[in-house]
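Okay, structure first, notes after.
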2 protein chains.
Amino acid sequence: MTRVTGARERARTEIAESIKAEARRQLADAGAARLSLRAVARELGMVSSALYRYYPSRDDLLTALIIDAYDAVGSAAERAVAAAPAADPVVRWTAACHAVRRWALAHPHEYALIYGSPVPGYAAPEATTGPASRVARALIGVAEEAADSGLLAPAPFESADVLRDAEQLVRRLGMRLHPAAMARLTAAWAQLFGLVGFEVFGQFHDVVHAREEFFDRAAADLGRGIGLRSPAA
Amino acid sequence: MTRVTGARERARTEIAESIKAEARRQLADAGAARLSLRAVARELGMVSSALYRYYPSRDDLLTALIIDAYDAVGSAAERAVAAAPAADPVVRWTAACHAVRRWALAHPHEYALIYGSPVPGYAAPEATTGPASRVARALIGVAEEAADSGLLAPAPFESADVLRDAEQLVRRLGMRLHPAAMARLTAAWAQLFGLVGFEVFGQFHDVVHAREEFFDRAAADLGRGIGLRSPAA
DNA sequence: TCCAAAGCAAGAGCACTGCTCTCGATTGTG
DNA sequence: CACAATCGAGAGCAGTGCTCTTGCTTTGGA
């Protein structure tokens with residue numbers, strides 16, 4: 001895959017990469033709104049106009065950061081699921097949830113970039129949709145395995161339209177979860193980010209102090225809500 | 001309450017109000033990031049430096065808008081609860097949820113301002129905490145009434161620390177809900193805004209199409225999850 | 001090997017931003 | 001009436017994203 005490339009091309013991707021790295025540093029420091037192309041260029045010892053050779057606009061640079069961020073949470077969730085014991089779907093589910101939360105707390109500004117208010121006038125390009133679904137795929141994977149082991153209780157979702165949406169979605173993602181379960185999982189997916197977002201964005205300030213425990217219980221309930229069951233001991 | 005005030009003072013609050021109104025218009029149009037003091041001043045026929053007599057900084061103007069936004073969602077939720085039939089807590093709960101969702105969809109940028117990523121370097125002043133809790137209070141009210149009518153099933157929350165947080169919170173808000181119920185409600189509260197936020201911020205694009213129905217079921221499940229029960233027919 | 005073409009950094013410049021400061025004019029009050 | 005507080009206007013500062021032009025360097029083909 002790693003084709004041999006000319007010196008120029010190699011230098012180009014290298015510079016583009018260090019621009020992104022510096023941008024990510026500033027993003028982590030001060031947030032997306034304060035990310036300045038000029039400051040990035042300055043820090044890299046180049047003039048601001050030179051930077052436009054690598055990223056045609058601020059939005060393009062942000063898009064690159066967005067894709068990386070989606071990949072980072074996604075892979076964190078995947079790794080957490082892979083590392084969790086295969087036997088108990090509820091444990092696997094909460095492991096994925098905790099991974100998302102941990103990543104979000106460790107990278108609040110990157111989290112805000114992808115799950116917070118969208119940047120003004122910014123439309124997510126197609127390129128982001130793939131990485132954006134990695135967390136969802138990980139969660140769906142847990143539910144599918146549970147279903148295979150007979151540990152996914154049937155939980156109906158009484159709406160033909162919603163079930164149709166769910167079926168379409170499962171097909172598009174190339175997965176095989178039952179539509180009703182998929183519909184409930186979609187809700188749980190959104191609700192998970194409600195929990196994480198409130199904590200990251202400070203809405204739990206002076207409201208919840210025992211946050212890890214609170215989240216753990218809430219996440220487990222979320223998993224049980226979509227029908228996940230622990231194996232009988 | 002409405003004290004008689006001098007002409008100057010009256011003019012002052014009037015101007016401050018029209019600044020806020022124009023700012024809200026621009027916020028609704030383009031989002032918080034694109035809200036420009038200079039543009040507001042321009043639209044009002046004044047010079048930008050004059051505006052600083054009324055709002056010492058952009059953040060102060062934003063704070064005023066934030067308070068108004070919290071009040072707007074809060075009152076929408078309160079009115080929805082008041083208008084819903086008193087007999088069925090689940091219906092009352094979902095009515096509040098729908099009110100929040102409707103308001104959010106109608107005012108996406110204001111929603112983003114209060115429940116999206118916090119503006120960089122902006123710390124919510126004390127003055128916002130009151131209005132910020134109105135939605136939560138409305139939801140808690142529904143749960144309390146349900147408990148009074150015997151329609152709140154006991155739903156434990158197995159964590160002493162979390163229960164202590166919940167108890168503290170209930171006391172601070174001057175309410176009387178059972179701590180375990182409060183803990184679950186806190187989670188449901190955050191999850192509700194997960195559902196709403198994902199829809200408003202476009203995360204449901206190409207994922208959920210039957211959104212009203214989807215939300216309705218999810219919100220009802222949320223209510224049942226904290227123990228709300230419909231009265232036996 | 002030579003040369004045109006493409007890629008690149010640099011600088012100047014445009015229109016915009018939040019914010020500060022100063023300077024007169026206006027206003028309400030002692 | 002006089003004085004002090006308040007106010008609007010303007011200039012100005014430092015910063016932003018982005019464009020365009022000017023030369024220099026690297027590259028690939030004749």
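Source: prediction; values computed, not measured. Sequence lines set the chain letters: A, B, ... in the order given, protein chains first and strands last, and positions in each chain run from 1. What you see below is based on every heavy atom in this structure, not just the backbone, and it leaves out hydrogens, waters and symmetry mates.
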So, is A:Y54 near the phosphate of C:dA9, with a side-chain N or O under 4.0 Å from OP1 or OP2? yes
Using 4.0 Å as the upper bound for N to carboxylate O, is an ion pair formed by A:E167 and A:R164? no
Heavy atoms only: give me the nearest B:G31-B:H109 pair and the separation to one decimal. CA-CD2, 3.4 Å
Where along residues 17-26 of chain A does a heavy atom come under 4.0 Å from DNA chain D, residue by residue in number order? none
Please test A:S57 against A:D60 for side-chain hydrogen bond (donor to acceptor under 3.5 Å, both in side chains), starting from the C-alpha separation and ending with a verdict. CA-CA 5 Å; A:S57 80; A:D60 290 272; 2.7 Å; yes
Under a 4.0 Å heavy-atom criterion, the protein footprint on nucleotides 15-24 of chain C, written with B, S and -, is --BBBBB---
Nearest-Å distance, CE (B:M46) to P (D:dG10)? 14 Å
The helix from C:dT1-D:dA30 to C:dG30-D:dC1: angle between its terminal axes, five pairs each, to 10°? 0°
A:L51 CG to D:dT19 P: how many Å, rounded? 13 Å
Let me know the distance between CD1 of A:I15 and P of C:dG7, rounded to the nearest Å. 15 Å
Donor-acceptor list for residues 38-49 of chain B side chains, cut-off 3.5 Å, not counting sequence neighbours:
none

Taking every heavy atom of A:R58 against every heavy atom of A:L35, the minimum-distance pair comes out as NH2-O, 2.9 Å
Atom CZ of B:R10 to atom P of D:dT6: distance rounded to whole Å? 18 Å
Measure the spacing between CZ of A:F214 and CG of B:D165 and express it to the nearest 0.5 Å. 9.0 Å
Mind checking side-chain contact (heavy atoms from CB on, under 4.5 Å) for A:A106 and listing every partner two or more places apart, or none if nothing turns up? none
Could you give the distance from CD1 (B:I114) to CD1 (B:I66), rounded to the nearest 0.5 Å? 8.5 Å
Any salt bridge linking A:D206 with B:R172? Criterion: basic side-chain nitrogen under 4.0 Å from a carboxylate oxygen. no
Are any of the side-chain heavy atoms of B:I226 and B:W93 separated by less than 4.5 Å? yes
Which atom pairs, donor and acceptor, lie under 3.5 Å between side-chain atoms of residues 131-141 of chain B and protein residues at least two apart or in another chain?
from: B:S133; atom 1: OG; to: B:G130; atom 2: O; distance (Å): 2.8
from: B:R134; atom 1: NE; to: B:E78; atom 2: OE2; distance (Å): 2.8
from: B:R134; atom 1: NH1; to: B:D71; atom 2: OD1; distance (Å): 2.6
from: B:R134; atom 1: NH2; to: B:E78; atom 2: OE1; distance (Å): 2.7
from: B:R134; atom 1: NH2; to: B:E78; atom 2: OE2; distance (Å): 3.4
from: B:R137; atom 1: NH2; to: B:L173; atom 2: O; distance (Å): 2.7

